[in-house]
Amino acid sequence: MPQSYRLVRRDARREPTVVRLKSGATFGGDEIAICAGPCGVESKEQLEEAARAVAEAGANVLRGGAYKPRTSPYSFQGLGEEALKMLRDAGDRHGLGVVTEVMDPRDVERVTQYADMLQIGTRNMQNFPLLREVGASRIPVLLKRGLSATVQEWLLAAEYVLLGGNESLVLCERGVRSFDVATRNLLDIAVVPLLEELTHLPVVVDPSHAMGIARLVPPVAVASIAAGADGLLIEVHPDPPNALSDGAQSLDCAAFAALMRRLAPVAEFAGRKLPKRNVAVDGAPGTSAYRPLPEKSDNASKPASAVRSSSRGVRLA
Ligand code: PEP
Ligand code: MN
């Protein structure tokens, strides 16, 4: 690898990086992370239904767009800060971390007030001012692979974030554009084991944007975990045919629950665990009285997000 991969390269750390959200969800540890929820936050009711369903099925992070990068300026653009508030509220009530996209460097501070993890979307993978801005923050970042980015370009985009001092970065493969339009994108599942060699950073797969077709999402999600992915990002909508964005690729709540049941033995086969379920105070999942499981005591004094190998410092190539 070229000298320019100083911070992301595998041998820059003794151990692979574990990114931990404030909520306790981890990426890169024994436990995989399951991020699920609607493409876009459309209303309180829609988000509540999705959040309750994904929490009950065993997800540990709620996804949902407040600022939507739409190809057409006439399409639903997201509800902005209102949606951020709804995400925080639903996440807290259901014991879920919150990941949401930030598109504009000027919004980073605002989104950080509500979210546990900032998503950099595929269209912004090489938005360098945005990468610098999230690099200057200390909130975990989910960096999606660019629409047609090479692995080298993707890792160098990650390098920007780490260079800013933010070591909590997770890579997300979401398919690349190909000659074939049979699926929305072409999922490059080979990057999962490849990145395990090249970088210490965790890698998750988003089969929803890769496939574009809901019924193809579960088998590809299963394959991703079998290949060693550290987690999944999956679009779930209570009423996919009426979704304001990405309905065709969104699982309904029942299909997501079925996928979670299918994933359990596959995670075990891959030597991993599904997220631990949060414990409801009154024993009824999905009610407003969620109490997150206590974090392990050795993390008690660590900042909101911690990188397992950070105490060793960074060895430059
Ligand atoms: C999304 O997660 O809804 C999204 C817009 O993803 P991507 O940037 O991968 O297209
Ligand atoms: Mn989407």
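All ligand and atom numbering here is 1-based and tracks the order in the structure.
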Lys68: numbered ligand 1 atoms lying under 4.0 Å from its heavy atoms: 1 (C), 3 (O), 5 (C)

Glu235 N/O under 3.5 Å from ligand 1 N/O: yes

Option set Arg174, Lys144, Glu173, criterion heavy-atom distance to atom 6 (O) of ligand 1, minimum: Lys144

Results of side-chain contact (heavy atoms from CB on, under 4.5 Å) for Asn127 - residues two or more places apart only: Asn124, Pro129, Leu130

Nearest-contact summary for atom 4 (C) of ligand 1 - protein heavy atom, Å: His209 NE2, 3.4 Å

Residue list, ring-ring contact (aromatic ring centres under 6.0 Å, His included) with Tyr160, at least two apart or on another chain: Phe128

Residue Arg88 excluded, over 12 heavy atoms near CZ under 6.0 Å: yes

Glu42 versus His237, side-chain donor and acceptor atoms under 3.5 Å: yes

Cys39 near ligand 1 by a heavy-atom separation under 4.0 Å: yes

Any N/O pair Gln119/ligand 1 closer than 3.5 Å: yes

Residue pair Val220 / Leu187: nearest heavy atoms and the distance that separates them: CG1-CD2, 3.2 Å

Identity and distance of the protein heavy atom lying nearest atom 8 (O) of ligand 1: Thr122 N, 2.8 Å

Identity and separation of the nearest protein heavy atom to atom 2 (O) of ligand 1: Arg63 NH1, 2.8 Å

Partners passing side-chain contact (heavy atoms from CB on, under 4.5 Å) against Ser43 (at least two apart in sequence or in another chain): Glu45, Gln46

Heavy-atom gap Arg145 to ligand 1 smaller than 4.0 Å: no

Proximal protein heteroatoms (N, O or S) of the Mn ion (ligand 2), under 2.8 Å: Cys39 SG, His209 NE2, Glu235 OE2, Asp246 OD2

Sub-4.0 Å atoms of ligand 1 with respect to non-hydrogen atoms of Gly121: 8 (O)

Separation of Leu186 CG from Phe179 CZ (nearest 0.5 Å): 7.0 Å

Closest approach of Ser224 to Leu232 (non-hydrogen atoms, all atoms of both residues): CB-CD2, 4.0 Å

Nearest heavy atoms of Gly135 and Arg138, plus distance in Å: O-NH1, 3.0 Å

Lys/Arg N to Asp/Glu carboxylate O, Arg272 vs Asp230, below 4.0 Å: yes

Note: Glu235-Arg63 ion pair, threshold 4.0 Å (strictly below): yes

